[in-house]
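Heads up: the structure comes next, in structure tokens.
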Amino acid sequence: MSHLSSRYSLPLINPTRLHYHFNFLPCSTSLIFSNKKLIPTMSFSSSSSSPSTTNPKEEKNPETTDPQKLSQVLKYHNQTKHSFTKYARGPRGLDWANQPNPFRRFVASPLLPLVYLPTDNQNQNQNPSSSSSSSSDCNDVRLYSSLFKSLPSPAPVSISSISQLFYDSLALSAWKTAGFSTWSLRVNPSSGNLHPTESYVIAPAIDSVCDSSFVAHYAPKEHALELRAKIPSGFDFLHKFFPRNSFLIGFSSIFWREAWKYGERAFRYCNHDVGHAIAAVSMAAAGLGWDVKILDGLGHEDLEKLMGLDVFPKFEVPSKPVKGKIPGIEFEHPDCVLVVFPSGVGGFDVNYEKLSSSIEKFSALDWTGKPNSLSKEHVCWDIIYKTAEAVEKPLTISNEFKIDPFCASGICSESCYKDYSVREVVRKRRSAVDMDKVTTMERETFYQIMLHCLPSGSGSGEKQKRQLAMPFRALSWDAEVHAVLFVHRVKGLPQGLYFLVRNEDHFEALENATRPDFEWEKPEGCPDDLPLYILARGDCQQVSKALSCHQDIAGDGCFSLGMVAHFDSALRNKNAWMYPRLFWETGVLGQVLYLEAHAIGISATGIGCFFDDPVHELLGLRGSNFQSLYHFTVGGPVLDNRIMSLPAYPGPKIDA
């Protein structure tokens with residue numbers, strides 16, 4: 001098992017295998033497809049011939065671009081690239097004595113228990129303290145595949161429905177044990193199973209939870225809410241700005257949790273995880289008939305106040321990497337806030353200026369709880385925190401809040417799904433550690449997965465661009481992320497390199513930017529509304545492995561892919577704060593791939609370790625207009641029979 005993969009949920013039992021010893025390759029490494037007639041040999045240099053730097057002659061838009069912040073983002077992005085002869089800076093070995101606690105708790109905050117729910121389709125509730133009436137609000141079984149066609153009637157906001165939302169999105173999914181090691185898994189995946197993402201709920205009064213509107217932190221180990229603050233009854237915050245039965249979910253990141261293992265590249269992985277969490281909440285909410293949208297007009301300070309993070313001391317970023325006792329490094333960086341609202345309410349306006357003004361009052365709330373300590377000692381990779389400051393988004397009152405009509409995804413092979421319920425898919429999702437090199441996929445199944453990866457769905461009569469389908473509709477910008485696919489074992493499809501265009505406005509730019517000998521032809525049997533193209537034919541297993549930090553898992557499945565973002569244009573036209581949002585979009589797409597794989601009976605794994613510029617060189621990309629941000633693999637998993645599964649709740653009384 002490679003320690004380089006960013007998203008394996010299985011911790012390595014032998015700590016000595018985690019030391020960072022790399023076999024450096026010669027300065028030029030040839031990667032070729034086995035069919036040499038169709039793809040020429042390409043040489044990848046250690047410094048790469050396609051440095052991702054901006055063109056200094058390009059005219060900057062002073063209204064949207066802060067040059068200093070953009071410069072910091074580009075510095076971070078380029079400095080944290082992996083190449084064949086040099087990995088981004090990280091720890092030389094792992095300090096197991098200071099592995100961060102994966103569970104944040106607020107000491108002295110009242111704990112509000114939620115309802116434990118059955119994992120499978122059982123009409124029963126496993127929490128003896130809950131009444132049958134409280135669980136009857138939302139016990140209808142929803143098939144996973146049905147959520148891509150339409151949303152059910154909305155459930156009322158109750159202890160049962162709020163419990164279900166968290167249980168099917170951010171809760172523990174199991175405990176694993178092998179030898180003397182025991183560790184937890186969660187419904188939402190995370191880089192290295194380190195879970196930097198914390199979540200909050202800002203909700204109206206809910207019977208059996210809280211008698212007034214409140215702000216609470218979600219504690220996944222206990223499946224409970226930690227009450228941080230009550231919102232006075234005279235402060236009609238939610239009803240004033242949002243439809244009835246709406247509430248907010250906030251996400252923050254503790255960078256230290258990822259940096260402990262991955263060093264400077266951790267900021268990327270934290271934002272992948274935010275995207276996975278957005279999609280996880282969106283899918284769980286959809287099962288309850290609720291829609292979700294990012295409140296992206298709010299600024300960094302608004303998010304801090306909403307989640308009660310502004311009451312803690314601000315972390316002072318050092319001028320260089322330092323090591324020692326740095327408790328302030330365990331702070332939470334606010335990422336985004338989602339509004340969850342009943343589907344079918346139609347559009348509603350959000351006045352961000354008035355909303356921000358109302359949020360100012362949150363600083364005066366009576367906040368309770370002190371965050372627990374996660375590690376005794378720390379290492380501060382200063383570039384992470386400088387970049388986090390550079391991408392802090394200001395309040396943008398000109399942002400239009402828009403709820404687009406639900407758009408169903410295309411269907412070409414619905415029979416490939418196993419009639420799993422939403423809960424069965426999301427809670428049984430696992431990250432594969434190895435692929436079996438044997439499992440194959442039908443061509444129609446592959447096309448069906450690709451249709452669910454499209455942002456605009458099917459039947460809208462427009463090109464792929466706007467994020468209208470599940471779960472991409474939670475995002476507030478047009479699609480910026482595409483997928484280059486390495487097809488290995490799909491029956492009826494030639495092995496080779498393919499491209500899924502997720503924003504068809506970019507098609508011409510992509511075709512012009514990539515290698516002139518690429519085919520750009522739709523493969524046989526491809527649905528008319530699926531913008532999938534074959535670029536080159538040939539066995540690309542070794543190429544995909546080499547590009548993904550020499551990890552076999554990238555070539556041993558049915559297919560793998562790299563997510564390529566419309567990078568430079570997004571940053572210049574929308575400012576530096578789009579940088580983390582590009583990673584969020586890749587995380588949402590990655591979550592769909594995870595769920596799709598499990599819904600058809602196989603598995604998947606996100607790959608955060610890949611050689612950035614060699615990927616670009618394979619495609620012929622120059623400059624920074626398109627950048628690879630995340631890799632993924634889908635296939636038949638190899639199961640480790642040494643590992644035993646235990647129920648998520650009640651779990652062992654350890655923090656792991």
Side-chain angles (χ1 to χ4, degrees), residues 1-8 11-12 15-24 46 52 72-102 190-197 253-274 315 317-333 374-391 548-551 579-580 583 587 606-613 627-631:
M1 175 170 50
S2 168
H3 62 274
L4 291 171
S5 176
S6 71
R7 206 164 289 274
Y8 292 159
L12 296 174
T16 61
R17 293 184 62 189
L18 275 168
H19 289 277
Y20 283 64
H21 297 302
F22 302 123
N23 295 318
F24 292 127
S46 60
S52 298
Q72 176 62 40
V73 166
L74 295 176
K75 176 184 177 182
Y76 172 82
H77 188 69
N78 290 317
Q79 184 170 316
T80 57
K81 288 181 175 181
H82 291 324
S83 73
F84 281 120
T85 59
K86 184 180 180 182
Y87 286 82
R89 291 197 300 177
R92 296 180 180 178
L94 293 185
D95 180 5
W96 291 99
N98 286 299
Q99 181 176 7
N101 185 336
S190 173
S191 308
N193 200 33
L194 296 171
H195 290 284
T197 310
S253 294
I254 301 175
F255 301 137
W256 163 239
R257 282 205 184 114
E258 288 294 317
W260 168 79
K261 181 175 182 181
Y262 295 114
E264 290 185 346
R265 203 166 163 102
F267 186 67
R268 297 177 176 223
Y269 301 160
C270 287
N271 285 294
H272 286 153
D273 285 4
V274 172
F315 178 60
V317 182
S319 59
K320 61 182 180 180
V322 294
K323 182 178 181 179
K325 284 191 174 184
I326 318 171
I329 205 173
E330 297 178 359
F331 80 101
E332 296 178 35
H333 172 87
L374 306 180
S375 300
K376 294 179 180 179
E377 292 191 349
H378 314 81
V379 177
C380 177
W381 304 92
D382 60 303
I383 195 170
I384 292 175
Y385 304 94
K386 291 174 182 175
T387 306
E389 288 183 348
V391 300
S548 291
C549 295
H550 311 293
Q551 297 179 88
Y579 184 68
F583 286 93
I607 302 174
C609 184
F610 55 87
F611 298 124
D612 300 62
D613 284 332
Q627 293 283 283
S628 183
L629 301 184
Y630 192 17
H631 283 210

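Scope of the values below: all heavy atoms of this structure, side chains included, with no hydrogens, waters or symmetry mates. The model shown is predicted, which means the values in this text are computed figures rather than measured ones. Residue indices begin at 1 and follow the sequence shown.
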Pairs where residues 319-329 contributes a residue and the test salt bridge (charged side-chain N to carboxylate O under 4.0 Å, His left out) is met, not counting sequence neighbours: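 Listed by first then second residue: nothing to list.
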
If the condition is side chain to side chain contact (heavy atoms under 4.5 Å, CB included), which residues does P321 pass it with, not counting sequence neighbours?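 In terms of side chain to side chain contact (heavy atoms under 4.5 Å, CB included), with neighbours along the sequence ignored, P321 is linked to R89, D382.
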
Using side chain to side chain contact (heavy atoms under 4.5 Å, CB included) as the criterion, list what pairs up with N101, not counting sequence neighbours.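 Per chain and number, N101 pairs via side chain to side chain contact (heavy atoms under 4.5 Å, CB included) with F103, N372, L374, D655.
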
Without hydrogens or angle criteria, can the side chains of W260 and S375 be said to hold a donor-acceptor pair below 3.5 Å?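 W260 vs S375: no donor-acceptor pair found between side chains.
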
Between H631 and S548, does any side-chain donor sit less than 3.5 Å from a side-chain acceptor?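 S548 and H631 do have a side-chain donor-acceptor pair below 3.5 Å.
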
Could you tell me if the side chain of [Y] sits less than 4.5 Å from the side chain of [X], heavy atoms only?
X: Y76; Y: Y579; answer: yes
X: E330; Y: H378; answer: yes
X: K261; Y: P91; answer: no
X: F610; Y: H82; answer: no
X: S83; Y: D613; answer: no
X: S628; Y: D612; answer: no

For [X] against [Y], the heavy-atom pair lying closest together:
X: Q79; Y: A88; value: O-CB, 4.2 Å
X: I254; Y: C270; value: O-SG, 4.5 Å
X: V379; Y: I329; value: O-CD1, 3.6 Å
X: S191; Y: E258; value: O-OE2, 2.9 Å
X: Y87; Y: C549; value: CE2-SG, 3.8 Å
X: V317; Y: Y385; value: CG2-CB, 3.6 Å

For atom NZ of K386, is the number of surrounding heavy atoms from other residues, nucleotides or ligands below 6.0 Å larger than 12?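 Count over threshold, so yes.
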
Could you grab the distance from atom [atom1] of [X] to atom [atom2] of [Y], nearest 0.5 Å is fine?
X: C609; Y: H550; atom1: SG; atom2: NE2; result: 8.5 Å
X: Y630; Y: F583; atom1: OH; atom2: CZ; result: 11.0 Å
X: Q99; Y: L194; atom1: CD; atom2: CG; result: 7.0 Å

Classify the angle between the aromatic ring planes of F611 and F84 as parallel (below 30°), tilted (30 to 60°) or perpendicular (above 60°).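 If you compare the ring of F611 with that of F84, the planes turn out tilted.
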
Tell me whether the rings of Y269 and H272 are parallel (<30°), tilted (30 to 60°) or perpendicular (>60°).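 The arrangement is parallel - the two ring planes meet at less than 30°.
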
Any chance you could lay out the side-chain contact (heavy atoms from CB on, under 4.5 Å) test for F267 and V391, step after step, and finish with the verdict? CA-CA 11 Å; F267 186 67; V391 300; 3.9 Å; yes

Determine, stepwise, if the pair H77 / T387 fulfils side-chain contact (heavy atoms from CB on, under 4.5 Å). CA-CA 9 Å; H77 188 69; T387 306; over 6 Å; no

From CA spacing to verdict: side-chain hydrogen bond (donor to acceptor under 3.5 Å, both in side chains), T197, D273: CA-CA 7 Å; T197 310; D273 285 4; 4.7 Å; no

Residue of the set R268, E264, R265 for which side-chain hydrogen bond (donor to acceptor under 3.5 Å, both in side chains) holds with T80: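 It is R268; the other options fail the test.
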
Could you walk me through whether K376 and D95 satisfy the side-chain contact (heavy atoms from CB on, under 4.5 Å) test, starting with their C-alpha distance in whole Å, then the side-chain angles of each, then the deciding distance to 0.1 Å, before giving a yes or no? CA-CA 11 Å; K376 294 179 180 179; D95 180 5; over 6 Å; no

